[in-house]
Trainee: 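I'd like to ask you about the structure that follows.
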2 protein chains.
Amino acid sequence: MCYQLELRHLRYFLAVAEDLHFRKAAERLFISQPGLSKQIKEMEVGMGVKLFDRHNRKVELTQAGEFLKVELKNYFSGLEHIIEHAKLLNDGLLGDLKIGYVGSAMQKIIPDLLLAFRKHHPKVLFNLEEIDNQGQIDRLFSHDIDIGFVRLEKIPRGLKSIPVLNETFSLVLPKDHPINDENFVNLAQLKDASFILFNEKYSPSYFENVMQIFEDNHFTPNVTHNTIHASSIYKLVENNFGLSIVPQSLKPSFVEGVKFIDLENIPQRTVLSAVWNLNNRNPILKNFLEKIESHKDKN
Amino acid sequence: MCYQLELRHLRYFLAVAEDLHFRKAAERLFISQPGLSKQIKEMEVGMGVKLFDRHNRKVELTQAGEFLKVELKNYFSGLEHIIEHAKLLNDGLLGDLKIGYVGSAMQKIIPDLLLAFRKHHPKVLFNLEEIDNQGQIDRLFSHDIDIGFVRLEKIPRGLKSIPVLNETFSLVLPKDHPINDENFVNLAQLKDASFILFNEKYSPSYFENVMQIFEDNHFTPNVTHNTIHASSIYKLVENNFGLSIVPQSLKPSFVEGVKFIDLENIPQRTVLSAVWNLNNRNPILKNFLEKIESHKDKN
DNA sequence: TCAATTAATAACTATGTGTTATCAATTAGA
DNA sequence: TCTAATTGATAACACATAGTTATTAATTGA
């Protein structure tokens, strides 16, 4: 039956090729000289290639042996690199992480998280896509994304979620609006104003939550505009199309034309959750979730 | 103790990676399923890389496994190519053959031989160098050339030789010389002519052989010019600097200005020999010597 | 000439690959 | 809902073979 070449043979051959001395090579390999001789002979017969010329008391490489010495050395380092790479993939230190998110998460939470994660995972490539809440759920099931950032109360069976940020809301007003941090008491002061809100379809549960804030203040807002982009809201507010209420974290570090009043005294909170598929085996996901946990503790 | 990865593991892994089914893969490998499972597990633990996700009744590759499947497939074909190449070297079908020769061998014998050899050894590279007889002997001992073509009676110990061509001499005359094939009887007719001969230093034994021809005809030639190149001889003869005697095989298929008369009736012969070092392990040499043997039979 | 050193050979041991028997988990069919 | 079938994993065992020790043959150096 045909004899099988093994890496052992290549390892042994390289040792002898380097030392040109069976006993020394055997010593270095921590095996006996006859064992080594036997394996080399087996390799020669198996490959049908004479590797060494053993004349007198001197061992030297044949032409084919010389060639193999060079080639197999490279060959080995090649294998080491492949395995190293595989190990990085296995450990979630290399590869892609496909992230879905609602627009409002991109203001601060996602960038912060990605920056923190990248510190210890510099080779991980992020694949980012803004998707509405339901879209993320669908694409988690179809494995099109590894993790989603949603504002949803309930997560379907098969997915798991953890809260990333539990936050209140902020009132958005034009910079020169008469109401400010000092004279603001509650929303009832603004019951005659127009409001610009996030589109209900984008996240019904979020919308309902916001509407509850108004209801608690005993009025129904005059919603004159809808959008899904915070920047559009700010622009509209700046130009006196109305006021708005947004999650607190959407307050940019710097923005012209508008000001914010944090609604600390209302009971409503909006929760940004990270969601993932329990069947997802991407090792990066595990690391990323750990980073989310530790990141959350810092806030 | 650190566990050793073997090609067996890679072979087994690829089989499972292709079938995504342990039992089928085991069948294809002619081993039992538990044995295969064990080896794959050993590989996973040894490399520290999870290769397969076994959930439910379905086996699928992890990211790292997917990567390894592609890489290791290439890796194997790489090894096959290396071994193939080594086998060609071993069998003397690939590599260099360093050939030394006296100039007179290049007229016909060497080109014929190389052409014939190349038919079945198209990948062998010839390294050709014109060297005088003694120079070839020296460079055979120092392994600078694999084979030499010399005109020498005696070969030093440690080298071996076989005759390649045993030939007579040809007289070289200008085209319009009064002596021709019809009226030529023997060299005594030309005892008053000038002669151009190969340099004595280039091959003393050859020179002595030629001088014996003259002596048998009871005269000492008037040697007016020396050279080591046949083409120089022909040019000098053409321009009436004198006549010459050269080995018969040096007669070109076509040359202007000179004519040849074969000296069939003299006892002298010149032998071109192939010489090589008995310690030379170049596998191509063995094949080349075989070709010389078979080539000789055809003449 | 004798001691030392080389690699190869022969006979044996023991490691570990591969075996059979079985299990646990899941799925498909009656 | 139960049974039969199919999956891969596990455990105990067998046997092939990698590796061992003892020895030989050949050569070299003192």
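Heavy-atom basis, side chains included; hydrogens, waters and symmetry copies ignored. In what follows, chains are A, B, ... by sequence order, proteins preceding strands, each numbered from 1.
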Trainee: How many whole angstroms separate atom NE2 of H21(B) from atom P of dA9(D)?
Mentor: 12 Å
Trainee: With respect to the phosphate group of dA9(D), does any side-chain polar atom (N or O) of S37(B) fall under 4.0 Å of OP1 or OP2?
Mentor: yes
Trainee: Taking only side-chain N and O atoms of Y12(B), does any of them lie within less than 4.0 angstrom of OP1 or OP2 on dT17(C)?
Mentor: no
Trainee: Nearest nucleotide by nearest heavy atom, which residue falls closer to the 5' end of DNA chain D, G35(B) or G35(A)?
Mentor: G35(B)
Trainee: In whole angstrom, what separates E6(A)'s CD from dT17(C)'s P?
Mentor: 10 Å
Trainee: Of all the nucleotides listed (dT10(D), dA8(C), dG8(D)), which has the minimum atom distance to the side chain of R54(A)?
Mentor: dA8(C)
Trainee: Would one find a side-chain N or O of R23(A) under 4.0 angstrom from OP1 or OP2 of dT6(C)?
Mentor: yes
Trainee: OP1 or OP2 of dT27(C) sitting under 4.0 Å from any side-chain N/O of K58(B)?
Mentor: no
Trainee: What I'd like to find out is whether the side chain of R151(A) reaches to under 4.5 Å of the side chain of S104(A), using heavy atoms alone.
Mentor: yes
Trainee: Are more than 12 heavy atoms from other residues, nucleotides or ligands located less than 6.0 Å from atom NE2 of H120(B)?
Mentor: no
Trainee: Tabulate atom names and distances for all N/O pairs under 3.5 angstrom spanning the protein and nucleotides 21-24 of chain C.
Mentor:
none

Trainee: Send over the distance from L7(B) CG to dT17(C) C1', rounded to a whole Å.
Mentor: 16 Å
Trainee: Quickly work out the F22(B) CZ to dG18(C) C1' distance and round it to whole Å.
Mentor: 16 Å
Trainee: Rounded off to whole Å, could you give me the NE2-to-C1' distance for the H9(B) and dG18(C) pair?
Mentor: 12 Å
Trainee: Nearest to the side chain of I31(A), which nucleotide is it out of dG8(D), dT20(D), dA7(C)?
Mentor: dT20(D)
Trainee: Start at the 5' end of DNA chain D and walk down; is the nucleotide closest to K41(B) or to F30(A) reached first?
Mentor: K41(B)
Trainee: dG16(C) pairs with which nucleotide, Watson-Crick or G-U wobble, both distances below 3.5 Å?
Mentor: dC15(D)
Trainee: Please indicate whether R118(A) has more than 12 foreign heavy atoms, meaning atoms of other residues, nucleotides or ligands, lying under 6.0 Å from its CZ.
Mentor: no
Trainee: Is E44(B) close to V49(B) at the side-chain level, that is, under 4.5 Å between some pair of heavy atoms?
Mentor: no
Trainee: For the side chain of S32(A), counting heavy atoms from C-beta on, which of dG19(D), dA7(C), dT19(C) is nearest?
Mentor: dG19(D)
Trainee: From F67(A) CZ over to I82(B) CD1, what is the distance, rounded to the nearest 0.5 angstrom?
Mentor: 6.0 Å
Trainee: To the nearest 0.5 Å, what is the distance between CG on D138(B) and CD on Q136(B)?
Mentor: 10.0 Å
Trainee: Any heavy-atom pair between the side chains of I162(B) and V275(B) that's under 4.5 Å?
Mentor: no
Trainee: Please report, rounded to the nearest Å, how far the P atom of dG8(D) is from the CG atom of D19(B).
Mentor: 10 Å
Trainee: Please say whether more than 12 non-hydrogen atoms of neighbouring residues, nucleotides or ligands are located less than 6.0 Å from CD in E60(A).
Mentor: yes
Trainee: Specify the separation, in whole Å, of atom CD1 of I40(A) and atom P of dT9(C).
Mentor: 14 Å
Trainee: Starting at atom CD of Q4(A), determine the distance to atom P of dT17(D), rounded to an integer number of angstrom.
Mentor: 11 Å
Trainee: Just to confirm, is there a sub-4.0 Å distance from OP1 or OP2 of dA7(C) to any side-chain nitrogen or oxygen of K38(A)?
Mentor: no
